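Okay, structure first, notes after.
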Amino acid sequence: MPSNLSEAENFLAAMTAIAREAGALLMDYFHQHLKIEYKGEADLVTAADRAAEKLIRERIMQKWPDHDVLGEEQGLTDRGSEYRWYVDPLDGTTNFAHGFPVFCVSLALERRGSIDERIAGVIYDPTRDELFSAAHGKGAHLNGEAIQVSKMRTLQESLVATGFPSHKRHKNPNIYFYHQITLRSHGVRRAGSAALDLCNVASGRFDGFWEFNLNPWDTAAGVLLVEEAGGKVTRYDGSPFELNSRETLATNGLIHGELMREFAEIFAGRGLEPLPDPREYKR
Ligand code: IPD
Ligand code: CA
Ligand code: CA
């Protein structure tokens, strides 16, 4: 190991190669007409999700046969290792299946101990050939160039993002958050890939992002990217984010407090602008 590189940076080189290879595989499938299968009512999966995860697991196995892997499609392989990978082989499956080119591969590596530490993360968007990477304590990069979160100070001037779950969507209150924050900002984007939303916060394209009920494979790499780019990630009440938190609030740090206050108001049911009545509108 060259002495000027940290352990995490050494992992990053290999992770980058794996993410690029998986991204190329996704693009091959993207150009075919794939059969959509369903995990739930609107929870899609395709052959590409499974093939990409298989490839990623094979590559990890070849290099680090004792590492644990948690992947969306195959679940947890627990070998008792101090290292655990979080793999979302295709984040943005609904987009992918409909031919909408917003999706990515997300890989993160955690070293587990008295404190679990995510040491490296890579997110690759094969449609734009954008490779986002972060190593703990070493900053965040996009195609090798350092990136930072935005300097936007007010929610009113911010562009933010959110997502809606595909599982148990009828139980999710996010439409109220979407409505309120839309009225209080430059807009709320819902592009359909939580991992890319987090990359867009890390690179300053978005000033903030939130989502309910994300899974560890959705957030593990993106949260490290935001933090290493100088941003902040917590639960909605400001308490520490954990991979199983089910609440993700990621911002440039500067609008974090304002979004937290808005969320507290929405949860309390205060100051909610009424949703317009379509029957009234039609008249
Ligand atoms: C989904 C995407 C989407 C988010 C959903 C996730 P998947 O991941 O990240 O943006 O809103 O909550 O489940 O299923 O495409 O890997
Ligand atoms: Ca995902
Ligand atoms: Ca996925």
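Small disclaimer: the values here were computed from a predicted structure and weren't measured. First listed ligand is number 1; within each ligand, the first listed atom is number 1.
Taking all atoms of both residues into account, the shortest heavy-atom contact from A19 to V105 is O-CG2, 4.1 Å. Taking each heavy atom of S133 and V122 in turn, the nearest pair found is CB-CG2, 4.1 Å.
None of the N, O or S atoms belonging to P89 lies under 3.0 Å away from the Ca ion (ligand 3).
Using a 4.5 Å heavy-atom threshold, the side chains of L254 and T154 count as separate. Between R84 and L76 there is a side-chain heavy-atom pair separated by less than 4.5 Å.
Contacts between D218 and ligand 1 below 4.0 angstrom, taking non-hydrogen atoms only, involve the side chain exclusively. Residue contacts with ligand 1 for R190 involve side-chain atoms from C-beta outward but no N, CA, C or O (heavy atoms, distance under 4.0 Å). Contacts with ligand 1 closer than 4.0 Å are made by no heavy atom of W217, backbone or side chain. At a heavy-atom cutoff of 4.0 Å, ligand 1 is contacted by the side chain of D88 but not by its backbone.
The Ca ion (ligand 2) sits nearest to atom OD1 when only the N, O or S atoms of D91 are considered. Counting just the N/O/S atoms of E72, the one with the shortest distance to the Ca ion (ligand 3) is named OE1. Minimum-distance N/O/S atom of D218 relative to the Ca ion (ligand 2): OD1. Atom OD2 is the N, O or S atom of D88 at the shortest distance from the Ca ion (ligand 2).
In terms of N/O distances under 3.5 Å, ligand 1 is approached by E72. On a distance-only criterion, L214 and ligand 1 share no N/O pair closer than 3.5 Å. Here's the thing with A194: one of its N/O atoms is less than 3.5 angstrom from an N/O atom of ligand 1. Taking only nitrogen or oxygen atoms, main chain and side chain alike, P165 does not reach within less than 3.5 Å of ligand 1. Note: an N/O pair closer than 3.5 Å links G92 and ligand 1 by distance alone. The shortest N or O to N or O distance between T94 and ligand 1 is not under 3.5 Å.
For ligand 1, the atoms closer than 4.0 angstrom to any heavy atom of E211 are 4 (C), 5 (C), 11 (O), 12 (O). Heavy-atom proximity to G163, at under 4.0 Å, picks out these atoms of ligand 1: 11 (O). For ligand 1, the atoms sitting less than 4.0 Å from at least one non-hydrogen atom of T93 are 15 (O), numbered in the order shown with element in parentheses. Contact atoms of ligand 1 toward S193: 9 (O), 10 (O) (distance under 4.0 Å to a heavy atom of the residue).
No donor-acceptor pair closer than 3.5 Å links the side chain of N10 to the backbone N or O of E7.
Checked against a 6.0 Å centroid threshold, the rings of F177 and F267 count as neighbours. A ring-centre distance under 6.0 Å is not found for F164 and F212.
Ligand 1 does not have N215 within reach: every non-hydrogen atom of the residue lies 4.0 Å or more from it.
Taking a 6.0 Å sphere around CZ of R153, one finds it holds 12 or fewer heavy atoms contributed by other residues, nucleotides or ligands. Under a cut-off of 6.0 angstrom, the local environment of CZ in R279 is sparse, with at most 12 non-hydrogen atoms contributed by other residues, nucleotides or ligands. Remark: E145 CD is loosely packed, at most 12 non-hydrogen atoms of other residues, nucleotides or ligands lying under 6.0 Å away. Atom CD of E82 is surrounded by more than 12 heavy atoms from other residues, nucleotides or ligands within 6.0 Å.
Using cut-offs of 30° and 60° on the angle between ring planes, the pair Y236 and F263 is perpendicular. Taking the six-membered ring where tryptophan is involved, the planes of F103 and F30 are tilted, since the angle between them lies from 30° to 60°.
Counting heavy atoms only, G192 comes closest to atom 10 (O) of ligand 1 of the residues C104, G192, A97.
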